[in-house]
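Beneath this line is the structure, given in structure tokens, with notes to follow.
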Amino acid sequence: MTGRRTGRALLAGGLLLALLAAGCGVRPSAVITGRPPISGPAQGNWLYLLAQGEPVLVLRPDKTAPSPAAVLSLLAAGPQENERAQGFTSDVPAGLDPVTVTAGGDRSGDLTVRTNTAAQALSAHAVDQIICTTVAAAALVSVATTATTVTIVGPDGARGPRACPIR
């Protein structure tokens, strides 16, 4: 008798599971096609903005590749309206602009960002945003495609040299 009860319970459980799986609400459909894939490199300016407090790479479409200093000016202007609507923020102060970006220095592959803003007062996120944006912008315009570190120099001293912590 116990074997029959176990068999019935297993059969009932199996039927119940089959009914639940069949009634999940997903209906079959035909293949849904999308656009063809994008070919070639994405054109625009690569900026590092903050999403939930972490630096993330954001592409601002543009047909030109401005200098790293011009891209840092875009970063200092903050997120655009559509970027703010998506939750992007920035710790880079608006007073960062104007800046100059120079290659070279003590070691090849290093970049120096000079600004009128106090470098020591920049938050850790602002420093990461500036460093990563500078390296990305320099690679796009081949200023220093092997740039590995960036030093931020202000009237109060320097921060760095540091590499972009985001890979």
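Everything numeric here is computed off the predicted structure, so don't read it as measured data. Residue numbers start at 1 and run along the sequence shown. For the numbers below, each heavy atom of this structure counts, side chains included, while hydrogens, waters and symmetry mates do not.
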Which atom of T100 lies closest to which atom of A69, heavy atoms considered: CA-CB, 4.5 Å

For residues D156 and A119, report the shortest heavy-atom separation together with the two atoms involved. OD1-N, 2.8 Å

Would you confirm whether [X], through its side chain, and [Y], through its main-chain N or O, come within 3.5 Å as a donor-acceptor pair?
X	Y	answer
T133	Y48	yes
E83	T89	no
H125	P55	no
R114	V153	no
Q120	G157	no
R159	L122	yes

Give the C-alpha distance, both sets of side-chain angles, the deciding distance and a yes or no for side chain to side chain contact (heavy atoms under 4.5 Å, CB included) between I152 and V127. CA-CA 8 Å; I152 303 170; V127 170; 4.0 Å; yes

When rounded to the nearest 0.5 angstrom, what distance separates CG in L47 from CG in L74? 6.0 Å

The reported gap from CG in D91 to CD in Q129 (rounded to nearest 0.5 angstrom) is 6.0 Å

Shared hydrophobic cluster for V56 and V71 (ILVMFWY, side-chain gaps under 4.5 Å): yes

Run the side chain to side chain contact (heavy atoms under 4.5 Å, CB included) check on L49 and L75 step by step: do they pass? CA-CA 8 Å; L49 297 175; L75 182 65; 3.9 Å; yes

Could you walk me through whether L57 and I166 pass side chain to side chain contact (heavy atoms under 4.5 Å, CB included), step by step? CA-CA 9 Å; L57 185 62; I166 295 115; over 6 Å; no

